[in-house]
Amino acid sequence: MELDKHYNPQAVESKWYKYWMDNGFFNSVPDEREPYTIVIPPPNITGILHMGHMLNNTIQDVLIRKARMEGKNACWVPGTDHASIATEAKVVKKLAEQGVKKTDITRDEFLGHAWEWKNKYGGIILEQLQKLGASCDWNRTRFTMEEELSNAVTEVFVKMFRDGLIYRGTKMVNWDPAGKTTLSDEEVIFKENNSQLYFVTYPFTEETLKALGLSEGGLTVATTRPETIMGDVAICVHPEDERYKHLVGKTVMVPVINRVIPVIADDYIDIEFGTGCLKVTPAHDENDYRIGEKHQLEAIDVLTEDGKIHERAGAYVGLDRFACRKQIAKDLEEQGLILKTEQIKNTVGHSERTDAVIEKRISTQWFVDMKEFMSRYPKVLSSVMDDEIKFHPPKFKNVYRHWMENIKDWNISRQLWWGHRIPAWYNKEGDFVVAKNQDEALEMFRLKQPNTVAEDLHQDEDVLDTWYSSWLWPISVFDGFKEGDKKDYNYYYPTNDLVTGPDIIFFWVARMIMAGYAFNGEKPFSNVYFTGIIRDKQRRKMSKSLGNSPDPLDLIAQYGADGVRMGILLSSPAGNDILYDESQVEQGRNFCNKIWNAYRLLAGWQVVADQEVSEEIKAGDQLANQWFAMKFQMATDEIHAGFTEYKLSESLMGIYKLIWDDFCSGYLEMVKPAFGSPISESTLSAVKNHFENILRLLHPFMPFISEELHQAIFEGKPEKPMILCEYPKAGLPYTVINDQALQIVSELRNMRNAKGLSPKQAFSVLVQTPNEASYKVWEYTIAKLANVDGFSYNTQKPEKCLSALIGTDELFVPFAEEIDEAAEKKKIEEEIIYLQGFLKSVDAKLSNEKFVANAKPEVIEKERQKKADAEEKIKKLMSGN
RNA sequence: GGGAGCUUAGCUCAGCUGGUUCAGAGCAUCUGCCUUACAAGCAGAGGGUCACUGGUUCGAACCCAGUAGCUCCCA
């Protein structure tokens with residue numbers, strides 16, 4: 001059968017993926033083997049596959065496939081996250097397109113639509129992962145809002161509440177006016193902004209003017225948010241500020257609404273900033289809130305939940321907050337109350353999901369008491385610092401510690417419908433209990449008020465933060481919270497490796513560690529591999545709006561999954577950002593093609609019995625076999641070292657070079673029979689064996705082509721499919737082969753290139769060496785690779801020749817034609833000059849008493865060797881002249 | 001404002017506890033080749049004052065200090 005010149009991935013990929021699936025090779029059940037477990041960072045059901053997923057899941061697949069090949073019981077659990085805010089926004093938008101408003105339908109109706117949406121689109125991303133070759137145990141696919149996982153969430157919430165780790169409280173929280181929900185601090189992204197700083201004057205009241213003996217005047221504050229002045233309750237100055245000391249206790253009027261407010265003093269104030277006067281708006285600023293509490297001031301919330309001016313503001317009612325800012329500035333200007341404006345840079349919080357500008361708002365919400373949590377579970381921090389849980393790269397340990405040490409309470413309630421509803425029930429008086437379900441809640445109420453009936457109770461309307469379910473993921477996917485048989489949980493947990501982006505280190509990684517120690521007393525995983533963020537060539541993040549993100553599925557269609565996997569992995573050491581460039585994926589495709597053609601080559605050879613080939617060929621083939629065996633083991637050791645350090649790109653590069661340089665350019669050329677000649681049976685078998693071994697090394701990285709060719713080598717009947725073959729082991733002994741003689745090949749090629757000679761022109765060579773034997777064994781191979789038609793040793797140097805050094809041995813190539821003697825001489829002279837310079841520095845070192853006295857003996861020995869070698873070389877080069 | 005990290009070839013990055021036959025890899029570039037496995041290829045070659053300035057040391061890409069630039073995290 002004729003094989004195509006180019007590797008064609010499409011047919012191959014779907015064929016083998018189906019084969020693996022049909023045979024259940026991805027599936028795992030507990031047995032006596034050592035488990036190796038990864039839980040997928042569950043993608044959002046709203047998500048579609050992007051380059052970040054590609055990187056992330058390729059790495060997981062590499063790890064899981066390698067573990068599987070190493071005989072471990074490999075289990076990669078896939079699944080999806082319900083993504084409360086994102087999904088709710090999607091569904092709201094879809095309903096709006098149909099002319100339905102969320103407020104017009106019931107909660108149950110809305111959830112019906114949401115589930116419908118989830119069932120239709122929620123699994124798309126998992127199907128896309130299959131195209132990549134992800135070897136997840138699809139039988140284990142979980143969803144954060146399915147029944148079992150929801151039960152786990154309730155269970156944990158109730159437990160934490162009863163343990164005093166969750167409380168309901170009224171605090172200042174982050175409000176997303178677009179999503180109309182509160183957010184945790186982690187969901188707020190700070191962005192730098194160019195803002196106007198308005199200097200607004202608050203006129204003194206009559207009373208104050210009288211006391212001061214003035215006819216007019218006021219206090220000027222600097223603010224970027226004039227639209228909140230209707231919520232002002234005081235002006236605050238520093239108690240030591242000489243400019244304002246005398247005004248403390250006096251009153252001023254809030255512009256626009258002319259409400260009277262006091263001037264107070266607090267050392268929180270920064271005298272240098274603005275005018276040194278701060279307008280205190282406790283309802284809309286964290287610091288103002290604190291000042292307000294301290295001075296017992298009222299908090300007037302002047303905004304509605306969607307960011308418009310509330311009735312209680314008394315002016316501009318119904319106007320959007322940003323429109324109001326402009327309007328009020330204009331009006332104040334007209335009234336002469338704006339002294340000046342300045343441009344400043346400040347940072348403004350935005351919603352991670354909706355990108356709306358966050359408002360600070362006082363609200364009654366549910367919180368996790370993090371200080372208490374951390375004091376009860378110190379392992380959460382120490383395990384990472386002590387490397388019981390290893391971060392790769394370790395620089396993220398600092399980031400982790402810093403966050404942990406400054407941790408704030410976690411706001412976990414969201415004013416949404418799509419999510420896990422908070423298991424708290426209220427009676428008509430507003431008392432509440434936390435319970436697993438309504439029946440339990442009713443019982444609890446009845447203990448105090450026996451007459452309570454179910455109709456009196458209503459469940460909290462809010463749902464929990466998405467991450468409140470995600471943090472349980474490594475436990476809950478193995479039903480670790482479920483009563484009864486915990487076979488899976490006991491076997492698979494703790495998991496081995498977690499692969500994720502550093503952007504969710506706090507959202508997810510940290511909280512999984514918390515959940516692990518708090519609910520199971522055990523770490524959730526042993527290693528965390530932080531991938532980089534994928535950027536384009538200009539270092540911009542990939543985003544839909546920039547349009548700089550290629551569609552991964554298009555890439556797979558164009559370059560093949562293996563090619564894409566390789567391209568994306570090659571330049572992605574852990575923690576470094578990946579600058580994506582299509583040329584990398586091309587490189588991946590080209591590599592596939594290279595491997596494919598190596599197979600084509602050997603598939604086309606005619607085979608004969610060993611007796612049919614000459615002894616010379618046999619010996620040459622055997623040497624080549626041993627030589628490649630050495631190269632193979634050396635590379636295998638390096639590849640394992642890369643895995644140990646989680647430097648997957650280095651492992652992959654090691655394989656790349658092993659295959660391309662050592663196997664194809666080296667080994668195959670060595671054993672390749674002359675055109676039209678056959679290959680011996682034993683050599684072909686050795687080649688196939690080596691080929692098969694490199695495919696094994698490659699399989700975790702490029703699963704499809706390695707399976708395809710593995711099957712092809714064994715004519716479709718291998719003992720095992722590649723996916724189950726044993727991964728080559730590190731540290732196996734190998735015979736060291738002295739291949740210094742092979743340098744003759746590159747020297748000759750170089751000479752031909754430099755002289756513009758055809759490779760077809762044969763040369764004879766003369767080597768001056770004390771180790772004749774180490775060259776003799778390679779003669780056949782060298783002759784083949786470099787077109788040499790004669791070898792001689794330690795004879796008279798010919799008159800006309802080209803020369804080179806092989807280590808300290810000399811190589812002469814008789815060359816009858818024109819030689820640019822001057823150029824040759826110059827080349828040698830330059831070499832001598834370099835060596836002399838080198839020798840001088842070595843000599844200087846060796847004659848330095850301090851060096852000899854201080855340096856380690858082996859270093860000195862090395863220097864002496866260098867000196868001897870350099871002297872030897874110089875001697876030879878000089879004598880040649 | 002606080003913290004962490006980075007700066008090595010045109011690009012992306014390796015360089016472990018300091019020891020110049022280790023300044024390296026891949027890609028890109030250049031030269032010559034359509035040599036019956038592969039032009040998605042083959043054979044070669046040229047690129048670097050290791051950000052800058054000082055210091056420690058017999059010896060610094062590596063350790064220390066300062067300067068400049070960049071990135072990230074947190075407020």
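Chain identifiers are assigned alphabetically (A, B, ...) following the order of the sequence lines, protein sequences preceding nucleic acid strands; residue numbering begins at 1 within each chain. Heavy-atom basis, side chains included; hydrogens, waters and symmetry copies ignored.
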For side chain to side chain donor-acceptor pair (under 3.5 Å), just list the numbers for Asn411(A) and Ser184(A), CA-CA rounded to whole Å, side-chain angles, deciding distance to a tenth of an Å, and then say yes or no.
CA-CA 5 Å; Asn411(A) 172 9; Ser184(A) 66; over 6 Å; no
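- The separation between Tyr559(A) atom OH and A40(B) atom P is 12 Å, rounded to whole Å.
- For C42(B), the OP1/OP2 oxygens have a side-chain nitrogen or oxygen of Trp660(A) closer than 4.0 Å.
- With RNA chain B read from its 5' end, the first of the two nearest nucleotides for Asp185(A) and Asn753(A) is the one closest to Asn753(A).
- Across all strands, Glu645(A) comes closer than 4.0 Å to no nucleic acid atom at all (heavy-atom distances).
- Taking atom C1' in both A4(B) and U57(B), the straight-line distance is 29 Å, to the nearest Å.
- Within the 4.0 Å cut-off from OP1 or OP2 of C27(B), at least one side-chain nitrogen or oxygen of Tyr656(A) is found.
- Close to G44(B), at under 4.0 Å from its OP1 or OP2, lies a side-chain N or O of Arg749(A).
- Among the protein residues, Thr347(A) comes within range of the nucleic acid bases, having at least one heavy atom under 4.0 Å from a base atom.
- G26(B) sits 11 Å from A14(B) when the C1' atoms are compared, rounded to a whole Å.
- Just one of Tyr529(A), Trp403(A), Phe530(A) meets the ring-ring contact (aromatic ring centres under 6.0 Å, His included) condition when paired with Phe396(A); it is Phe530(A).
- Here C62(B) sits opposite no nucleotide as a Watson-Crick or G-U wobble pair (both hydrogen-bonding atom distances under 3.5 Å).
- Among the candidates Glu582(A), Gln584(A), Gln587(A), the single residue satisfying the side-chain hydrogen bond (donor to acceptor under 3.5 Å, both in side chains) test with Tyr559(A) is Glu582(A).
- Across all strands shown, Cys592(A) has no heavy atoms under 4.0 Å from either base or sugar-phosphate atoms.
- Annotation: side chain of Trp605(A) is in contact with side chain of Pro673(A) (closest heavy-atom distance under 4.5 Å).
- Comparing the C1' positions of C42(B) and A37(B) gives a spacing of 12 Å, expressed to the nearest Å.
- The C1' atoms of C58(B) and C52(B) are separated by 26 Å, rounded to the nearest whole Å.
- Between Phe643(A) and Phe701(A), the angle of the ring planes lies from 30° to 60°, which puts this pair in the tilted group.
- Heavy atoms of Trp605(A) sit nowhere under 4.0 angstrom from any nucleic acid atom.
- A gap of 25 Å separates the C1' atoms of A65(B) and C16(B), to the nearest Å.
- Side-chain proximity of Asn590(A) to the nucleotides A14(B), A37(B), G41(B) is greatest for G41(B).
- The base of A37(B) sits with one of its N or O atoms less than 3.5 Å from a complementary donor or acceptor on the side chain of Glu669(A).
- With a glycosidic angle more than 90° from 0, G66(B) adopts the anti conformation.
- Contact annotation: Lys647(A) does not reach the phosphate of A14(B) (side-chain N/O to OP1 or OP2, under 4.0 Å).
- What separates CZ of Phe396(A) from P of A4(B) is a distance of 15 Å, to the nearest Å.
- Taking atom P in both G15(B) and G55(B), one finds a spacing of 29 Å when rounded to whole Å.
- Contact annotation: Lys657(A) side-chain N/O to A14(B) OP1/OP2 distance is not under 4.0 Å.
- Annotation: Phe663(A) is in aromatic contact with Phe691(A) [ring centroid separation under 6.0 Å].
- Counting any heavy atom pair closer than 4.0 Å across all strands shown, Glu650(A) reaches sugar-phosphate atoms only and no base atom.
- Listed nucleotides: G26(B), G2(B), A45(B). Nearest to the side chain of Asn750(A): A45(B).
- With a 3.5 Å ceiling on both atom-pair distances, C38(B) lacks any Watson-Crick or G-U wobble partner.
- Set against A39(B), A75(B), C42(B), the side chain of Lys594(A) has C42(B) as its closest nucleotide.
- With a cut-off of 3.5 Å on both Watson-Crick or G-U wobble distances, the partner of U57(B) is given as none.
- Across C22(B) and A75(B), the matching C1' atoms stand 45 Å from one another, rounded to whole Å.
- The shortest distance between the side-chain N/O atoms of Lys755(A) and the OP1/OP2 oxygens of G44(B) is not below 4.0 Å.
- To the nearest whole angstrom, the two P atoms, one in U20(B) and one in A61(B), are 10 Å apart.
- A side-chain donor-acceptor contact under 3.5 Å links Asp562(A) to the backbone of Ile705(A).
- Each of Lys408(A) and Tyr7(A) was matched to the nucleotide of RNA chain B holding its nearest heavy atom; the match closer to the 5' end belongs to Tyr7(A).
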